[in-house]
A.B. asks: 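Attaching a single structure in structure tokens format; questions to follow.
Numbering of ligands and ligand atoms starts at 1, following listing order. Remember, it's a predicted structure, so these values are computed and weren't measured experimentally.
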Amino acid sequence: MKKLCMAAASALLLLQLQGQAQTTAPAKDTIPLVHGAHRTGNRTDPDMARWRSLRLGQFIHWGLYAIPGGEWNGKTYNGAAEWIRSWKEMPQADYDNLYKQFNPVNYHPEQWAQQAKDMGAGYMIITTKHHDGFCLWPSKYTRYTVAASPWKKDIIGPMVDAYNKQGIDVYLYFSIIDWNHPDWRTSLKTPADSAAYNRFKVFVKHQLQELLVRYPTIKGFWFDGTWDNSWKNDGAFSDELEQYLQKIHPGLIIGSRLRADEKGARHFDSNGRLMGDYEQGWERKLPTQFADIHGNDWEGVMTIPENQWGYCAKWAGHIKTSNELIEMLVKSTSLGGNFVINFGPKSDGTFRTEEVQRMQEIGQWMKVNGTAIRGGTYAGFDKQDWGYYIRKANTDSIFMVVCNVPVSGSLRVKLPASTTLTQASYLENPGITLTPEMIGAHEYFLHLDPQKNYQTPVVILLNTSNSTAVDNGRFEKAKT
Ligand code: JFZ
């Protein structure tokens, strides 16, 4: 009897833990909020399911900052190139006049889209307007746009069309910070500031509505520059803005970086619940374990060099290799998140060779192994040192992505107690099966060909069968 009670208690605990893994909602909200989270758990609609299944995205930071490329008057700016306007050595008037030189004669959006497709990207995010305020579409609400540049034409429209033609979803990056707009403020100290910022918020709303009307096929917005007091102290506005946009465009996906609650808490409201459709705070860092993401949808964005988003002529420090980026993509997928790699095209519309090379190498890997990434998610297995497990969502197919082949070539596979291994084969070559060597209950070695020198992560497909029904039965019994 005592044993039975303990079994019931531990089963209940397990159930509770599993429940917690699916939602961030604490047992009880202690702070009453009007502008906090409006949903418990992840979105379950088809638009969100699609976003969740794509896994690999391409980020593009493109704007006037690509012209100086991190250098001004022969001096190098050590910060992120897209922030050069804030550098004391760069006169702001000089920066603001760069639009007179924006003329990307080699911009071919079809080539961009083809190259993203070949990399294996399922979606892309383009900077429509970064902190400098320069708009890559001919906005009717400001003169500071492509229309005033020698290029004259819309950049965004042809890009959306070209990517959509390749089956790639488009998301629009939009910065709330706008260094060019006379009414933009970081904090509101006087009634005049408040009046200006009220006008600015109307401007923001108009621009976003304009983008939605001009580019109706976009799947969402990627907001940025929302950390100033002026913005985060008006949680009502960002809440209403989000609802307004999703009403004009049902299904629109918006991350957690847009909003603050009425107490100024960002990303997570004052009760610890995620605001927006996914956690958008993973920036140049990734979660280390499944517990870190609290069951929320999430996306990580990554630069190839250390911290350069826009084009920077002189990359310094460690430049990530294709294998490092692939491993980050695999890790993200294994933790149920999306991974977005950033590119900063040059001002003429071409990509630097380092970026082209990485797109091609990642693409070669994705071509063979993409099926382990798209539709992949957390497997629920204990992580092993050789790499990552990925589950094909809602199936018993598990991929082992081997990033570090041990010298012995022997991979330890430890299955959860309810799982049985039925077959192991190479994803690249399903005809070749691996014979598991049993080393314990639910524990095996898989032996890779010791002669083979793997240049990129190798993927093994495990067919498993799960006896969860038995577990449920046990729990039912214990409860009585
Ligand atoms: C912002 C921008 O300032 C930057 O230029 C770039 O566009 C990037 C994608 O977003 O930078 C951030 C924003 C948030 C964090 C770090 C850098 N963060 O939450 O750690």
A.B. asks: Could you name each residue pair satisfying salt bridge (charged side-chain N to carboxylate O under 4.0 Å, His left out) that touches residues 379-391, not counting sequence neighbours?
C.D. replies: Asp382-Lys414, Arg391-Asp396
A.B. asks: Side chains of Trp309 and Asn307: do they bring a donor and an acceptor to under 3.5 Å?
C.D. replies: yes
A.B. asks: Donor-acceptor pair, distance only, cut-off 3.5 Å: does the side chain of Ser187 make one with the backbone of Asn229?
C.D. replies: no
A.B. asks: Tell me which one of Tyr311, Phe343, Trp112 satisfies ring pair (Phe, Tyr, Trp, His ring centres under 6.0 Å) with Trp62.
C.D. replies: Trp112
A.B. asks: Give me the one residue out of Leu335, Asn369, Ile373 that meets side-chain contact (heavy atoms from CB on, under 4.5 Å) with Val330.
C.D. replies: Ile373
A.B. asks: Got the residues with a heavy atom under 4.0 Å of ligand 1, by chain and number?
C.D. replies: His61, Glu82, Trp83, His130, His131, Tyr173, Asp224, Trp227, Arg257, Glu283, Trp309
A.B. asks: Are Tyr141 and Phe203 close enough that their ring centres sit under 6.0 Å apart?
C.D. replies: no
